[in-house]
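Below is one structure, written out as structure tokens, with a few remarks after it.
All figures in this text were calculated on a predicted structure; none of them were measured in a lab.
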Amino acid sequence: CDCSSGQNPRNMNHTKGGLVIFTANSHPSGRELGKRIAERLGVELGKVQVYQEANRETRVQIQESVRGKDVFVIQTVSKDVNTTIMEMLIMVYACRTSCARSITGVLPYFPYSKQCKMRKRGSIVSKLIASMMCKAGLTHLITMDLHQKEIQGFFNIPVDNLRASPFLLQYIQEEIPDYRNAVIVAKSPSSAKRAQSFAERLRLGIAVIHGEAQDAESDQVDGRHSPPTVKTTGAIHPSMEIPLLIPKEKPPITVVGDVGGRIAIIVDDIIDDVDSFVAAAETLKERGAYKIFVMATHGILSSEAPRFIEESAIDEVVVTNTIPHELQKLQCPKIKTVDISMILSEAIRRIHNGESMSYLFRNIGVDD
């Protein structure tokens with residue numbers, strides 16, 4: 001090609017490549033988000049077959065040409081997380097071997113994101129997933145509210161970590177009539193930063209729950225925690241006395257901040273095992289909160305979660321549709337959904353047209 005004009009020929013036909021959107025989910029409820037995004041962009045979903053064979057192997061058959069096109073693969077996480085990941089990897093690899101020009105993964109919830117820190121003899125699984133995705137042929141990733149934003153560093157491709165908080169903030173302002181009398185609650189000190197971000201944007205106060213429920217009779221009394229009789233030095237040289245860290249001990253539950261006569265809005269990124277949310281709601285009720293909402297981006301809501309929510313002091317649980325949860329909503333009318341397909345479709349449109357993404361990140365600080 002003639003590049004004498006000084007223009008990069010790749011940029012000249014940036015929008016001519018054509019846009020193809022696939023959904024890599026073999027689970028019917030997972031395709032819903034893909035359909036919404038395609039509708040907003042005014043395109044049809046790409047023709048593809050994703051299914052499990054009798055021996056549980058995943059098979060992907062792309063049924064249209066993707067040569068030289070910008071491919072976007074949308075994948076929502078179902079209950080079978082490992083199948084979800086394999087579907088995504090095989091789909092991306094199939095597009096790569098079919099000569100797609102670029103392959104962008106749209107994973108609103110990044111699986112295994114809780115396993116992003118080293119624990120004893122475990123491993124950092126989200127780093128492994130990131131490596132597998134890059135190896136399969138992903139050239140860009142769009143995700144939402146990563147459990148730890150440092151996960152972006154596990155990828156050697158661009159990662160756009162979009163935020164759901166504008167949608168949740170809008171819900172608070174529009175659906176909670178007297179939200180001015182609310183207080184934003186962090187159910188543990190670790191989620192205080194998110195609560196602070198919400199509180200500052202809504203000009204509200206903040207409360208933090210610290211500690212844990214103490215048993216009336218401690219199990220340390222019965223001798224199970226008594227030290228061993230023989231002192232074991234292990235492999236440390238006798239002359240080296242390494243000081244040991246004092247073990248942590250959580251105090252009885254305290255609520256830092258006033259919630260009496262207020263609406264309490266608990267905010268977090270993931271709601272899966274609801275025990276801690278239910279316990280926090282009980283504590284807030286005892287301290288005089290008259291209505292309790294839970295706001296989270298990713299509603300995994302595993303196993304018995306809907307039943308526990310239904311029986312608890314929580315008045316409403318608001319999550320986004322990053323993860324399909326239709327069944328959970330049937331079990332528990334307290335669960336409400338906020339649609340975030342708008343921001344995902346806008347991200348896809350901007351990437352495809354080579355436009356700046358900064359508009360989608362306005363007013364997001366370094367600490368947010």
Side-chain angles (χ1 to χ4, degrees), residues 17-53 56-67 69-98 100-113 129 132-133 136-145 157 159-160 162 164 297-300 319-327 337-352:
L19 169 71
V20 185
I21 295 177
F22 290 121
T23 172
N25 212 316
S26 59
H27 198 272
S29 66
R31 296 196 202 109
E32 189 57 43
L33 187 63
K35 281 178 195 157
R36 281 176 186 244
I37 291 169
E39 244 168 61
R40 285 186 184 277
L41 290 166
V43 296
E44 292 282 314
L45 272 178
K47 294 181 182 66
V48 65
Q49 265 195 318
V50 183
Y51 58 93
Q52 308 296 313
E53 291 191 343
R56 302 285 295 143
E57 281 183 10
T58 301
R59 191 174 282 274
V60 171
Q61 288 181 323
I62 295 171
Q63 294 169 322
E64 62 180 86
S65 171
V66 295
R67 185 177 291 273
K69 292 185 178 175
D70 288 334
V71 174
F72 291 83
V73 179
I74 298 165
Q75 179 64 308
T76 50
V77 175
S78 63
K79 273 187 177 172
D80 190 350
V81 183
N82 299 332
T83 301
T84 297
I85 293 165
M86 281 312 293
E87 284 174 354
M88 178 81 182
L89 293 172
I90 295 168
M91 170 79 85
V92 169
Y93 193 58
C95 293
R96 179 185 167 187
T97 49
S98 302
R101 195 169 75 100
S102 68
I103 306 161
T104 304
V106 182
L107 271 103
Y109 170 67
F110 187 72
Y112 284 96
S113 61
I129 303 292
M132 285 159 69
M133 285 181 177
L138 214 59
T139 59
H140 197 134
L141 178 72
I142 299 171
T143 186
M144 207 157 208
D145 282 328
I157 56 171
V159 176
D160 285 309
L162 303 172
T297 305
H298 309 295
I300 301 175
V319 291
T320 72
N321 56 344
T322 52
I323 297 170
H325 52 266
E326 286 77 14
L327 286 174
T337 311
V338 173
D339 180 26
I340 44 84
S341 61
M342 188 194 297
I343 195 168
L344 293 173
S345 52
E346 180 60 13
I348 291 171
R349 191 191 67 75
R350 284 172 177 268
I351 289 168
H352 175 60

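Residues Y93 and V60 are not in side-chain contact: their nearest non-hydrogen atoms beyond the backbone lie 4.5 Å or more apart. At least one side-chain heavy atom of V66 sits under 4.5 Å from a side-chain heavy atom of F22.
A distance-only check finds no donor-acceptor pair linking the side chain of T104 to the backbone of H140 [under 3.5 Å]. The closest donor-acceptor contact from the side chain of Q75 to the backbone of T84 lies under 3.5 Å. Side-chain N or O atoms of H27 include none that pairs as donor or acceptor with a backbone N or O of T76 at under 3.5 Å.
Contact detail for N25 and E87: the closest heavy-atom pair is CA-OE1, 3.6 Å. When all heavy atoms are compared, the tightest approach of N321 to S341 is OD1-N, 4.4 Å. Contact record, M91 with T23: CE-O, 3.8 Å, taken as the closest heavy-atom pair. The two atoms that bring I21 and A38 nearest to each other are CD1-CA, 4.4 Å, heavy atoms only. Residue I74 comes nearest to G34 through the heavy atom pair CD1-CA, 3.9 Å, listed as atom of the first residue, atom of the second, then distance. The two residues V71 and A100 come nearest to each other via the heavy atoms CG2-CB, 3.7 Å.
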Self-check item: Test log, rule side chain to side chain contact (heavy atoms under 4.5 Å, CB included), inputs L107 and M133
Solution: CA-CA 11 Å; L107 271 103; M133 285 181 177; 3.9 Å; yes

Practice problem: Run the numbers on M144 and I343 for side chain to side chain contact (heavy atoms under 4.5 Å, CB included), then give the verdict. | Solution: CA-CA 10 Å; M144 207 157 208; I343 195 168; 3.4 Å; yes

Self-check item: Stepwise side chain to side chain contact (heavy atoms under 4.5 Å, CB included) check, Y112 with I85
Solution: CA-CA 10 Å; Y112 284 96; I85 293 165; 3.4 Å; yes

Exercise. Could you please spell out the steps behind the side chain to side chain contact (heavy atoms under 4.5 Å, CB included) verdict for T320 and D145?
Key: CA-CA 11 Å; T320 72; D145 282 328; over 6 Å; no

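Distance check: I351 CD1 to E346 CD gives 10.5 Å after rounding to the nearest 0.5 Å. Note: I37 CD1 to I348 CD1 = 5.0 Å, rounded to the nearest 0.5 Å. Distance check, rounded to the nearest 0.5 Å: CG of D339 to CG of L33 gives 7.5 Å. Separation of atoms CG (D70) and OG (S102) is listed at 3.5 Å; rounding is to 0.5 Å. K79 NZ to L327 CG: the interatomic distance, rounded to the nearest 0.5 Å, is 6.5 Å. Here OG of S26 is found 11.5 Å from CD of Q49. Values are rounded to the nearest 0.5 Å.
Counting heavy atoms of neighbouring residues, nucleotides and ligands inside a 6.0 Å radius, atom CD of E64 exceeds 12 of them.
For the 3.5 Å distance criterion, the side chains of T83 and Q52 fail to qualify, holding no donor opposite an acceptor. Counted by atom type alone, T337 and H325 present one or more donor-acceptor pairs between their side chains at under 3.5 Å.
A salt bridge is defined here as a Lys NZ or Arg NE, NH1 or NH2 lying under 4.0 Å from an Asp or Glu carboxylate O, and E39 with R36 fails to meet this definition. Taking the charged nitrogens against the carboxylate oxygens, R350 and D160 have no contact shorter than 4.0 Å, which rules out a salt bridge.
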